[in-house]
Amino acid sequence: MSKLVQKATDDLKQAITAAVNTAIQAGTLPEAPLPAFTLEVPADRSHGDWAANIAMAGARAFKCAPRKIAEAITANIDLASSYFDRVEIAGPGFLNFYLKPQFYTDILRDVAALGSRYGHSDFGKKERIMVEFVSANPTGPMHMGNARGGATGDCLAAVLDCAGYDVWREFYVNDAGNQIEKFGISLEARYLQIFQGEENVEFPEDGYHGDDIREHARQYAGAYGDCLLRVSAEERRKALVDYALPKNIAKMKTDMDKYRIHYDEWFLESRLHKDGELEEVIRILQDKGLTYESEGALWYKATKFGGEKDEVLRRQNGNPTYFLADIAYHRNKFEKRGFSRCIDVWGADHHGHVARMKGAMDAIGLDGDKLDIVLIQLVRLVRGSEVVRMSKRTGKAIQLADLLDEVPVDAARFLFNMREASSQMDFDLDLAVQQDSQNPVYYVQYAHARICSLFKKLGVQNPCAADCTDEELALLTAPEELELIRHISAFTNEIIGAAQDYNPARITHYVIMLANLFHRFYTACRIRGEEEHLAKARLALCAAVRTVIRNVLLMFNIDAPESM
């Protein structure tokens with residue numbers, strides 16, 4: 001949480017603790033260890049700015065009614081050196097505390113002083129965390145699941161970064177193994193069909209049937225002709241893969257750039273094969289007695305580490321499985337590169353892989369609890385009430401590139417973070433392009449632009465709390481003003497909470513509420529034509545709102561426009 005909120009929390013806890021001890025010494029309360037208690041911000045502000053459950057929590061320890069405990073505390077509490085000016089007892093013994101004006105003043109000064117750093121903290125203590133996300137199969141175009149996974153993963157990484165972690169973004173490219181073999185066989189079939197006719201070359205039933213495979217084959221044939229008809233199948237497939245795979249990876253990078261996602265590394269699976277890291281994993285498991293051979297394949301005793309069944313590491317033909325490469329890759333993350341925690345963002349269809357992957361980390365001597373998986377549920381495209389499956393431009397299933405052609409990147413990144421990853425969601429294509437308050441990202445951006453426009457009309461450049469005296473800022477007493485400042489004060493804590501929960505949607509909801517509170521304030525509290533000192537303080541409040549909105553939008557790589 002912010003240093004000011006932390007100070008308020010610490011001071012209040014100390015004041016409550018001191019009051020309990022004083023009451024014990026006076027004999028008002030029986031001697032007993034201080035029970036654990038919580039401080040929270042009530043949803044209903046009529047219940048105070050902050051509330052403490054110490055009286056309820058202490059009923060058993062002190063062997064008396066919560067109301068009596070609450071009365072003993074209020075009779076002995078000293079709030080003089082805290083941010084609180086009074087306490088009231090509610091119901092059976094809840095303690096409701098009310099903030100002094102100085103708290104609101106100091107929050108506005110804190111925002112002005114920290115600017116673009118407001119909301120940042122050192123909560124994560126620079127722990128090295130990798131967030132691996134999207135990692136789409138490079139044998140074809142990226143789909144809608146990748147669109148949601150990309151926005152979620154990138155915004156999660158941003159939240160972790162602001163919360164004080166040392167964050168690394170990575171895309172794992174499966175450029176080796178079974179799917180690349182299938183890619184090569186599919187390309188070969190389409191290439192041969194060009195010269196020998198589709199009726200004469202059977203396409204493999206489990207091959208990749210997309211038009212992109214046909215296009216790669218056509219392009220290769222156009223550039224190099226029938227030269228591959230005179231080489232072995234192995235050489236032909238390799239040539240086609242070497243031609244098509246880099247194009248697919250380059251297209252992925254282009255799409256990610258357009259989506260404003262920038263990775264620290266695109267890690268190639270083939271690197272693990274070349275460096276012998278798959279064989280290293282096999283040796284580790286063999287040395288631990290966790291492998292056996294059956295029907296010509298090498299198996300891992302996954303059931304000893306939470307798996308539902310044992311898993312093949314190396315097939316009968318000698319080829320490694322995807323699972324073996326995955327173990328090697330995660331070992332590389334932890335052991336070779338020293339990340340203390342790794343977060344993988346996967347599609348919900350991979351839920352069965354979670355336990356066996358974490359178990360495999362334990363099996364090779366690492367800590368499976370340090371591997372966290374965020375599962376992304378399905379996303380359904382809709383226009384109003386109609387489900388959309390086809391692109392208007394291509395007539396084919398909508399891919400990530402199609403979405404980014406139709407929907408502003410700002411809207412895609414924001415709207416995909418409107419729901420927790422674990423929730424299925426509808427993405428409304430019509431809503432995403434609307435330029436009105438029904439569109440959440442427009443609503444938030446408009447609040448930012450409205451403040452910029454106000455400053456421009458009034459001829460003020462960058463008003464802030466630093467330009468105001470404490471007496472001027474103390475004039476901000478309207479409920480709409482205080483609620484707005486209280487919400488601003490919670491920003492740092494919201495970021496920390498989002499980082500702890502791996503849920504960037506918390507910040508999306510936070511900034512929507514901030515925009516809502518600002519629009520409510522702007523309607524209720526005049527600035528132009530108001531008394532000079534109050535107008536000045538309200539401008540400082542507007543500047544603080546602008547700063548926080550801008551910090552959220554830029555954190556999520558979304559534009560913060562100054563006019564709309």
Side-chain angles (χ1 to χ4, degrees), residues 1-25 29 32-43 45 47-58 61-62 66 69-90 93-114 117-127 162-165 465 470 473-474 482-483 485-501 506 510 544 548:
M1 61 184 71
S2 76
K3 291 179 180 177
L4 286 177
V5 175
Q6 185 70 61
K7 180 180 181 342
T9 303
D10 294 343
D11 288 351
L12 186 53
K13 282 186 175 179
Q14 288 173 13
I16 291 171
T17 301
V20 170
N21 290 334
T22 301
I24 290 172
Q25 290 167 9
L29 290 177
L34 182 71
F37 64 93
T38 60
L39 299 176
E40 63 179 21
V41 176
R45 290 297 184 178
H47 296 160
D49 296 315
W50 285 17
N53 71 342
I54 175 66
M56 317 297 287
F62 295 118
I69 298 171
E71 289 169 351
I73 292 172
T74 56
N76 291 282
I77 198 162
D78 179 7
L79 297 172
S81 61
S82 76
Y83 273 121
F84 299 88
D85 65 358
R86 74 183 197 278
V87 57
E88 295 177 357
I89 302 172
F94 289 107
L95 293 176
N96 296 333
F97 294 86
Y98 294 83
L99 288 160
K100 295 175 182 174
Q102 191 63 44
F103 176 80
Y104 301 99
T105 294
D106 287 354
I107 289 294
L108 293 180
R109 293 201 185 285
D110 201 34
V111 178
L114 292 172
R117 296 291 300 173
Y118 184 74
H120 290 236
S121 70
D122 61 357
F123 177 83
K125 306 297 182 189
K126 288 300 175 185
E127 179 186 357
C162 287
Y165 293 89
D470 282 1
L473 294 176
L482 299 182
E483 188 64 22
I485 301 171
R486 278 192 291 256
H487 194 69
I488 289 170
S489 75
F491 183 42
T492 307
N493 210 36
E494 283 297 316
I495 291 177
I496 291 170
Q500 289 176 305
D501 297 344
R506 276 185 66 158
Y510 169 87
V548 177

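When a residue number appears, it is its place in the shown sequence, counting from 1.
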Checklist entry - What closest approach, in Å, do A57 and P35 show between heavy atoms, and which atom pair accounts for it? => result O-CB, 3.8 Å
Item to check | Heavy-atom closest contact (S81 atom, D11 atom, distance) | outcome: O-OD2, 3.7 Å
Next on the checklist: Could you go through F97 and L79, starting from their C-alpha distance and side-chain angles, then the distance that decides it, and tell me whether this counts as side-chain contact (heavy atoms from CB on, under 4.5 Å)?
Outcome noted: CA-CA 10 Å; F97 294 86; L79 297 172; 4.3 Å; yes
Next on the checklist: Run H120 and L114 through side-chain contact (heavy atoms from CB on, under 4.5 Å) and show every step you take.
Outcome noted: CA-CA 9 Å; H120 290 236; L114 292 172; over 6 Å; no
Checklist entry - Where do I69 and V20 land on the side-chain contact (heavy atoms from CB on, under 4.5 Å) test, with the steps shown first? => result CA-CA 8 Å; I69 298 171; V20 170; 5.9 Å; no
Checklist entry - What distance do L12 atom CG and K7 atom NZ have between them, rounded to the nearest 0.5 Å? => result 11.0 Å
Checklist entry - Nearest 0.5 Å, what's the CZ-CD1 distance between F94 and I89? => result 12.5 Å
Checklist outcome for this item: Only residue of T105, D106, I107 satisfying side chain to side chain contact (heavy atoms under 4.5 Å, CB included) with L473 is T105
Next on the checklist: If the condition is side chain to side chain donor-acceptor pair (under 3.5 Å), which residues does E127 pass it with, not counting sequence neighbours?
Outcome noted: S340
Checklist outcome for this item: Note: I24 and A32 closest approach over all heavy atoms is CD1-O, 3.9 Å
Item to check | Donor-acceptor under 3.5 Å (K100 side chain, S82 main chain) | outcome: yes
Checklist outcome for this item: In this structure, CG of D49 is separated from CG of L99 (nearest 0.5 Å) by 4.0 Å
Checklist outcome for this item: Value for OG1 (T492) from OH (Y118), rounded to nearest 0.5 Å, stands at 5.0 Å
Next on the checklist: With a 3.5 Å distance limit and no angle check, can you tell me whether N96 reaches the backbone of E88 through a side-chain donor-acceptor pair?
Outcome noted: no
Item to check | Derivation and outcome, salt bridge (Lys or Arg N to Asp or Glu O under 4.0 Å), residues K3 and D110 | outcome: CA-CA 9 Å; K3 291 179 180 177; D110 201 34; over 6 Å; no
Checklist entry - Who passes side-chain contact (heavy atoms from CB on, under 4.5 Å) against H487, sequence neighbours left out? => result Y510, M513, L514, L517
Checklist entry - Given side chains that start at C-beta, do those of N21 and N76 come closer than 4.5 Å, heavy atoms only? => result no
Checklist entry - Is the number of heavy atoms from other residues, nucleotides or ligands within 6.0 Å of CZ (R86) greater than 12? => result yes
Next on the checklist: On a heavy-atom basis, which atom in A112 and which in A465 lie closest, and how many Å separate them?
Outcome noted: CB-N, 4.0 Å
Next on the checklist: With heavy-atom distances below 4.5 Å as the criterion, would you say the side chains of F37 and K13 are in contact?
Outcome noted: yes
Next on the checklist: Run the side-chain contact (heavy atoms from CB on, under 4.5 Å) test on R506 and D501 for me, step by step, so that the C-alpha distance in whole Å, both residues' side-chain angles and the decisive distance to 0.1 Å come before the verdict.
Outcome noted: CA-CA 9 Å; R506 276 185 66 158; D501 297 344; 3.0 Å; yes
Item to check | L4 CG to T9 OG1 distance, which is reported to the nearest 0.5 Å | outcome: 10.5 Å
Checklist entry - Just one of F491, W50, Y83 clears the side chain to side chain contact (heavy atoms under 4.5 Å, CB included) bar with V5, so which one? => result W50
Checklist outcome for this item: Closest non-hydrogen atoms of A61 and P33, given as atom of the first, atom of the second and distance, are CB-O, 4.2 Å
Checklist entry - How far apart are the closest heavy atoms of A70 and G93, and which atoms are they? => result CB-O, 3.7 Å
Checklist entry - Rounded to the nearest 0.5 Å, what separation is found between the CG atom of L95 and the CD1 atom of I77? => result 7.5 Å
